[in-house]
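Written out below as structure tokens is the structure these notes cover.
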Amino acid sequence: MKKEGYMSFEFTITDSQALNLLCGVNDKNFLVFKSHFGFDVTLNGNKIVTNAPAQYQQLLEKIFQTLVELANHKVILTERDIIYIIKLAQDNSLEGLLDLYKTNTKILVTDQGKVITPKTFNQKAYVNALMKYPLVLGVGPAGTGKTYLAVALAVSHLKAGKVKKLILTRPAVEAGESLGFLPGDLKEKVDPYLIPLYDALNEMLGSQTTQNLLEKGVIEIAPLAYMRGRTLENAYVILDEAQNTTITQMKMFLTRLGFSSKMVVTGDPSQVDLQRGVKSGLIDAVKRLKKLDEAKIIEFEKIDVIRHPLVQKILESYETHED
């Protein structure tokens, strides 16, 4: 008998393993609904029970139907997956989700045994582009996995012997900060801003292996100015934070591409830190390269940003205040 004020959704589950996949460890998958919406979701036999307001019924029917289908196909569901599925359901974009998970591409297994795969439709399109095209531009908000996935593909290519060198670079421009007062040469000044790239490599290869490859020159992490005058052959080259390049710098970088190399450019056009009146090389490049068959531009959206629910609420509170 249904409790007053509660909704229940019947489902058919194939076995106990699928049931565990549906709920997650310690019911973490269902706890996402509490942190995201503010209502409870629990299991009662073959029913999912919730005290959600009535206006959520159609949305929850779509979400729970999708979750049960994925669990029955033995898809491992994490809190991150639940949040993405909720966002897709709110956007009426759930079609094809099962194929996303069933045909997912394993990019790399990290030093700690974590399997890196694309987690959203746009991430999958991005990974497919990285595998096919010599030049890919990943454009969109922070937190969409643009740089992380590019580094994972680069490490995979390096391990497989498809390239001999991995080069990661960023322009020496940071929001509201001056590099001039810092000690050392340009690389030493910029190194602190390259920490996210070091972190990704340490996770994927282990800190010792990363350090060894850096010392041997197999991996190079350097400011964009160090790319001038070079032709980068047999290399996987990633330009991060590309929205902070000038048009001249972007042209210089793109023309470094050599034979048997891949080049990836990532950035967020909404976060340009250049001086007023200076045009972003990334925004300019997107316009120029759209018609090239040999290059691919993948545009990420807000739906690809999967944050902890509390972080999302914090951001929304700031955005509301700013508005």
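Note that the structure is a prediction, hence the values are computed from the model and not measured. Computation of the quantities below employed the complete heavy-atom set of this structure, encompassing side-chain atoms and omitting hydrogens, waters and symmetry-equivalent molecules.
Leu22 has its side chain within reach of Leu67: a pair of non-hydrogen atoms, C-beta onward, lies under 4.5 Å apart. For the pair Glu301/Asn122, a side-chain contact is recorded, criterion being any heavy-atom separation below 4.5 Å from C-beta on. At least one side-chain heavy atom of Leu232 sits less than 4.5 Å from a side-chain heavy atom of Met227. A heavy-atom distance below 4.5 Å is not found between the side chains of Val115 and Ile107. For the pair Ile238 and Ile167, the minimum side-chain heavy-atom distance is 4.5 Å or more. Under the 4.5 Å side-chain criterion, counting only non-hydrogen atoms from C-beta, Ile76 is not in contact with Asp81. Looking only at side-chain heavy atoms (C-beta outward), Lys165 and Asn234 stay at 4.5 Å or farther from each other. Counting heavy atoms from C-beta on, the side chains of Tyr198 and Leu168 never come closer than 4.5 Å.
Around NZ of Lys251, the count of heavy atoms belonging to other residues, nucleotides or ligands within 6.0 Å does not exceed 12. In Gln112, the CD atom is not crowded: 12 or fewer heavy atoms of neighbouring residues, nucleotides or ligands sit closer than 6.0 Å. The 12-atom threshold is exceeded at CD of Glu215, counting heavy atoms of other residues, nucleotides or ligands nearer than 6.0 Å. For CD1 of Ile314, the number of neighbouring non-hydrogen atoms (other residues, nucleotides, ligands) closer than 6.0 Å is greater than 12. Counting heavy atoms of neighbouring residues, nucleotides and ligands inside a 6.0 Å radius, atom CD of Gln65 does not exceed 12 of them.
Annotation: the span from Leu94 atom CG to Ile63 atom CD1 amounts to 7.5 Å, rounded to 0.5 Å. Leu254 contributes atom CG, which lies 8.5 Å from atom OG1 of Thr245 (distance to the nearest 0.5 angstrom). Met263 contributes atom CE, which lies 4.5 Å from atom CG of Leu257 (distance to the nearest 0.5 angstrom). The CD1 atom of Ile48 sits 8.0 Å away from atom CZ of Phe9, with the distance rounded to the nearest 0.5 Å. To the nearest 0.5 Å, atoms CE (Met252) and OG1 (Thr246) are separated by 8.0 Å. Taking CG of Leu19 as the reference point, atom CG of Asn46 lies at 10.5 Å (rounded to 0.5 Å).
Classified by interplanar angle (parallel below 30°, tilted 30° to 60°, perpendicular above 60°), the ring pair Tyr126/Phe300 is perpendicular.
Between the side chains of Thr103 and Lys124, at least one donor-acceptor pair of N or O atoms lies under 3.5 Å. Judged purely by distance below 3.5 Å, without hydrogens or angles, the side chains of Asn128 and Lys296 never pair a donor atom with an acceptor atom. A donor-acceptor contact closer than 3.5 angstrom links the side chains of Thr120 and Asp304. Side-chain atoms of Asn212 and Thr209 include no donor-acceptor pair closer than 3.5 Å. Side-chain atoms of Glu241 and Gln243 include a donor-acceptor pair closer than 3.5 Å.
A ring-centre distance under 6.0 Å is not found for Phe64 and Phe11.
In this structure Asp284 satisfies the salt bridge (Lys or Arg N to Asp or Glu O under 4.0 Å) test together with Arg288, sequence neighbours excluded.
A single hydrophobic cluster is seen to contain both Leu205 and Leu214, as judged by linkage of ILVMFWY side chains at heavy-atom distances under 4.5 Å, directly or through other members. No continuous path of hydrophobic side-chain contacts links Val139 to Val305 [ILVMFWY only; heavy atoms under 4.5 Å]. Ile219 and Ile116 fall within the same hydrophobic cluster, where Ile, Leu, Val, Met, Phe, Trp and Tyr residues are linked whenever their side-chain heavy atoms come under 4.5 Å apart, directly or through other members. Residues Ile85 and Phe30 are members of one and the same hydrophobic cluster, defined by side-chain heavy-atom contacts under 4.5 angstrom among Ile, Leu, Val, Met, Phe, Trp and Tyr. In terms of hydrophobic clustering, with Ile, Leu, Val, Met, Phe, Trp and Tyr side chains grouped at heavy-atom distances under 4.5 Å, Val218 and Val264 are assigned to a common cluster.
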What verdict does the side chain to side chain contact (heavy atoms under 4.5 Å, CB included) test give for Phe33 and Thr42, after you've listed the backbone C-alpha separation in whole Å, the side-chain angles of each residue and the deciding distance to 0.1 Å? CA-CA 10 Å; Phe33 290 89; Thr42 58; over 6 Å; no

Run the side chain to side chain contact (heavy atoms under 4.5 Å, CB included) check on Leu31 and Glu79 step by step: do they pass? CA-CA 9 Å; Leu31 292 175; Glu79 296 161 273; over 6 Å; no

Derivation and outcome, side chain to side chain donor-acceptor pair (under 3.5 Å), residues Thr14 and Asn72: CA-CA 6 Å; Thr14 55; Asn72 281 331; 3.2 Å; yes

Residue pair Leu166, His157: steps toward the side chain to side chain contact (heavy atoms under 4.5 Å, CB included) verdict: CA-CA 9 Å; Leu166 170 54; His157 275 63; over 6 Å; no

Checking side chain to side chain contact (heavy atoms under 4.5 Å, CB included) for the pair Val265/Phe253: CA distance, chi angles, key distance, verdict? CA-CA 10 Å; Val265 177; Phe253 175 77; 3.8 Å; yes

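Checked by atom type and distance alone, the side chain of Asp268 pairs as donor or acceptor with a backbone atom of Ser270 at under 3.5 Å. When atom types are taken as modelled, the side chain of Ser261 and the backbone of Tyr236 share no donor-acceptor pair closer than 3.5 angstrom. Using modelled atom types, one side-chain atom of Thr50 and one backbone atom of Asp40 make a donor-acceptor pair closer than 3.5 Å. Of the possible polar contacts, none joining the Thr210 side chain to the Gln208 backbone as a donor-acceptor pair under 3.5 Å is found. For the pair Asp15 (side chain) and Gln17 (backbone), a donor-acceptor distance under 3.5 Å is present.
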Run the side-chain donor-acceptor check on residues 146-155: report pairs under 3.5 Å with partners two or more places apart or on a different chain.
residue : atom : partner : partner atom : Å
Lys146  : NZ   : Gly140  : O            : 3.1
Lys146  : NZ   : Pro141  : O            : 2.8
Lys146  : NZ   : Thr144  : OG1          : 3.4
Thr147  : OG1  : Asp240  : OD1          : 2.6
Thr147  : OG1  : Thr266  : OG1          : 3.2
Tyr148  : OH   : Lys114  : NZ           : 3.4
Tyr148  : OH   : Glu203  : OE1          : 3.4
Tyr148  : OH   : Glu203  : OE2          : 2.7

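In plain terms, the two heavy atoms of Leu224 and Gln249 that are nearest each other are CD2-CB, 3.9 Å. Heavy atoms only, all atoms of each residue included: Thr231 and Gly258 are closest at CG2-CA, 4.1 Å. Summarising the geometry of Ile13 relative to Ala71, their closest heavy-atom pair is CD1-CB, 4.4 Å, with the distance given to 0.1 Å. Between Leu239 and Pro171, the shortest heavy-atom contact is CD1-CD, 4.0 Å.
Look at Arg230 and Glu220 and you find a salt bridge, because one of the NZ, NE, NH1 or NH2 atoms lies within 4.0 Å of a carboxylate O, short of that distance.
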